[in-house]
2 protein chains.
Amino acid sequence: MIAVKVSEKSIRRLSHYARCLRLAKIRGESIITSQELATNCGISSAAVRRDLSIYGEFGKQGSGYKVDDLLVNIENILGTTDPPSVIIVGAGSIGCALMISGLAGTAGYTYDSIFDNDPAKIGRYCGEKQIRPIDEISEVIRDKKEVIAVIAVSSGSGQDALEMLVDAGCNAILSFALEPLKAPDNVEVRYVEVSTELDVLTHSMRRKERVN
Amino acid sequence: MIAVKVSEKSIRRLSHYARCLRLAKIRGESIITSQELATNCGISSAAVRRDLSIYGEFGKQGSGYKVDDLLVNIENILGTTDPPSVIIVGAGSIGCALMISGLAGTAGYTYDSIFDNDPAKIGRYCGEKQIRPIDEISEVIRDKKEVIAVIAVSSGSGQDALEMLVDAGCNAILSFALEPLKAPDNVEVRYVEVSTELDVLTHSMRRKERVN
DNA sequence: TTCGCTTAGTGATAGTTTGCACAATCACAA
DNA sequence: TTGTGATTGTGCAAACTATCACTAAGCGAA
């Protein structure tokens, strides 16, 4: 496959399409149109077609896209055909909740293990898995080769966690920490920013009041 | 204040600036430059100045921005000077974790209450707060006037939860549910999409392998 | 087959966002 | 007061993104 350079927004949308396709598959549908995908994802059908056409011609004029084939193709593009393991750093309430709630309905990710540096927590269970001491992280990362790490440590320790992960060879991180983290260029860091989402909601709510 | 029409991206960045400013305040700094804000948020200083100049001239050439004043101004713009209450629908692991972990370090949001429809859970504690029956939601929303609701229910029940909230008068929702939700135009819905973030990370990781 | 209907793929266009670069302005020191 | 160094606010160009609207192609019925 040719590695096309494409925007992050487009990749996010591919992820949404994949989710819709999985649902359509469950419903037993075998064909889906750009219009249906668009409605499900809240965008225009032209956007859907454009996103998909970047990578090839997956559809058939007059009918639409084969659900199974398109899903396979998108998972190929995303690389989620054989998804990497996910580990969690920090067995606080958020870390444990992620572990327990699992990732059902996603591309097939599974939480492999969870770590903490608090001796009192080590050995306890989060769902099925026991909390492991943090020094075992590098071993796990080396074994798995490819790992996405979720940082769910308490405020202020995010940067330390990141550095430990990077040293161990991890290059994909999803952080729930509030603070912005610094990482080398070859490491991709993304954030789940609950507080920013709340700010955006507040802004929109208050703006409406002003306008009305 | 004039209600300027502005992009969501810009609002998100304002939220980040606010966070940086709070940290700077804690560190005891009284002046901050666009360059410092930019470095902290991982963007260019021109972007910072542009975002801020949309709403007024908050800075002083030659020195920078007064930390306190700028923070007040941004909180005014976002509407977070007096932030709305946040309620949680769904006392599963994620809902409870949010309640427990709290919102320290944010604009000052507090989780007001948490609801579930499972009789077995009602009355139990999530941190300080007892889980309340779901039929009390509309009462709470009416009392508070302005509420942001976090949907953290199990897969498949997201739409039901949303409709109940909308009926009760809530018009700002943050959903952790996987499925895309349908809502009236006057209701703002945002999503925390852990699985999409993982997909984006996987894509970036796998793309690097191909290129190298 | 042929016609009419549906839908994918895409060139062109309009709209947004970003980044550069510089004039205007301020603080401060001599 | 005058000169120097720093930093803001912004015009402009370039890059990027979304949208329209059309062509080409497939499907099914008569």
Side-chain angles (χ1 to χ4, degrees), chain A residues 2-18 20-21 24 29-74 77 196 200 203, chain B residues 2 4-17 20-21 24 29-74 77 196 200 203-204 207:
Chain A
I2 316 134
V4 196
K5 198 232 158 195
V6 76
S7 72
E8 182 199 306
K9 280 197 166 182
S10 177
I11 298 296
R12 291 189 78 87
R13 285 192 299 259
L14 288 178
S15 170
H16 296 163
Y17 304 154
C20 287
L21 289 166
E29 297 164 23
S30 62
I31 298 283
I32 196 165
T33 64
S34 59
Q35 184 55 60
E36 289 175 82
L37 277 170
T39 313
N40 278 317
C41 301
I43 56 174
S44 78
S45 64
V48 173
R49 294 197 297 277
R50 174 82 62 189
D51 281 334
L52 297 177
S53 72
I54 293 172
Y55 296 97
E57 310 201 348
F58 303 128
K60 230 179 212 173
Q61 280 140 326
S63 52
Y65 301 85
K66 283 192 192 170
V67 172
D68 286 354
D69 291 1
L70 186 56
L71 182 53
V72 168
N73 276 309
I74 291 181
I77 295 163
T196 295
V200 176
H203 170 78
Chain B
I2 316 134
V4 196
K5 198 235 158 193
V6 76
S7 73
E8 183 199 305
K9 280 196 166 183
S10 177
I11 298 296
R12 290 189 78 86
R13 285 192 299 259
L14 288 177
S15 170
H16 296 164
Y17 305 154
C20 286
L21 288 166
E29 296 165 24
S30 62
I31 299 282
I32 196 166
T33 65
S34 60
Q35 184 56 59
E36 289 174 81
L37 277 170
T39 312
N40 277 318
C41 300
I43 56 174
S44 76
S45 65
V48 174
R49 293 197 299 276
R50 174 92 53 192
D51 282 333
L52 298 178
S53 73
I54 294 172
Y55 295 97
E57 309 202 349
F58 302 128
K60 230 180 212 173
Q61 281 137 326
S63 52
Y65 301 85
K66 281 193 194 171
V67 171
D68 286 354
D69 290 1
L70 186 56
L71 182 54
V72 168
N73 277 308
I74 291 181
I77 295 163
T196 295
V200 176
H203 169 78
S204 129
R207 219 178 78 85

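To find a chain, count down the sequence lines: A is the first, B the second, and so on, and within it residues start at 1.
Counting only residues at least two apart or on different chains, no side-chain hydrogen bond (donor to acceptor under 3.5 Å, both in side chains) pair has a member in residues 60-72 of chain B. Within the structure, side-chain hydrogen bond (donor to acceptor under 3.5 Å, both in side chains) pairs that include any residue of residues 41-53 of chain B comprise Ser10(B)-Asp51(B), Arg13(B)-Asp51(B), Tyr17(B)-Asp51(B), Ser34(B)-Arg49(B), Ser45(B)-Arg49(B) (at least two apart or interchain).
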Identify all pairs in which a protein N or O lies below 3.5 Å from an N or O of nucleotides 15-19 of chain C, and state each distance.
{"unit_1": "dT18(C)", "atom_1": "OP1", "unit_2": "Arg13(B)", "atom_2": "NH1", "d": "3.3"}
{"unit_1": "dT18(C)", "atom_1": "OP2", "unit_2": "Arg13(B)", "atom_2": "NH1", "d": "3.3"}
{"unit_1": "dT18(C)", "atom_1": "OP2", "unit_2": "Arg13(B)", "atom_2": "NH2", "d": "3.2"}
{"unit_1": "dG19(C)", "atom_1": "O6", "unit_2": "Arg50(B)", "atom_2": "NH2", "d": "2.6"}

Report all interatomic pairs (protein N or O, nucleotide N or O of nucleotides 4-8 of chain C) with separations under 3.5 Å.
{"unit_1": "dT7(C)", "atom_1": "O4'", "unit_2": "Gly62(A)", "atom_2": "N", "d": "3.2"}
{"unit_1": "dT7(C)", "atom_1": "O2", "unit_2": "Gly62(A)", "atom_2": "N", "d": "3.3"}
{"unit_1": "dA8(C)", "atom_1": "OP1", "unit_2": "Ser34(A)", "atom_2": "N", "d": "2.8"}
{"unit_1": "dA8(C)", "atom_1": "OP2", "unit_2": "Ser34(A)", "atom_2": "OG", "d": "2.5"}
{"unit_1": "dA8(C)", "atom_1": "N3", "unit_2": "Gln61(A)", "atom_2": "NE2", "d": "3.2"}

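The distance from the NE2 atom of His203(A) to the OG atom of Ser15(B) is 11.5 Å, given to the nearest 0.5 Å. The distance from the CD1 atom of Ile11(A) to the CD1 atom of Ile77(A) is 7.5 Å, given to the nearest 0.5 Å. Annotation: the span from Asn40(B) atom CG to Cys20(B) atom SG amounts to 4.0 Å, rounded to 0.5 Å.
Annotation: side chain of Leu52(A) is in contact with side chain of Leu70(A) (closest heavy-atom distance under 4.5 Å).
Here the closest non-hydrogen pair linking Ala24(B) and Ile32(B) is CB-CD1, 4.3 Å. A pairwise comparison of heavy atoms in Ile74(B) and Leu21(B) identifies CD1-CD1, 3.8 Å as the closest pair. Nearest heavy-atom pair across Val67(A) and Glu29(A) is CG2-O, 3.6 Å.
You can see that DNA chain D meets the heavy atoms of chain B within a 4.0 Å-exclusive cut from dA6(D) to dC12(D), reading 5' to 3'.
Residues passing the side chain to side chain donor-acceptor pair (under 3.5 Å) test with Gln35(A) are Thr39(A), sequence neighbours excluded.
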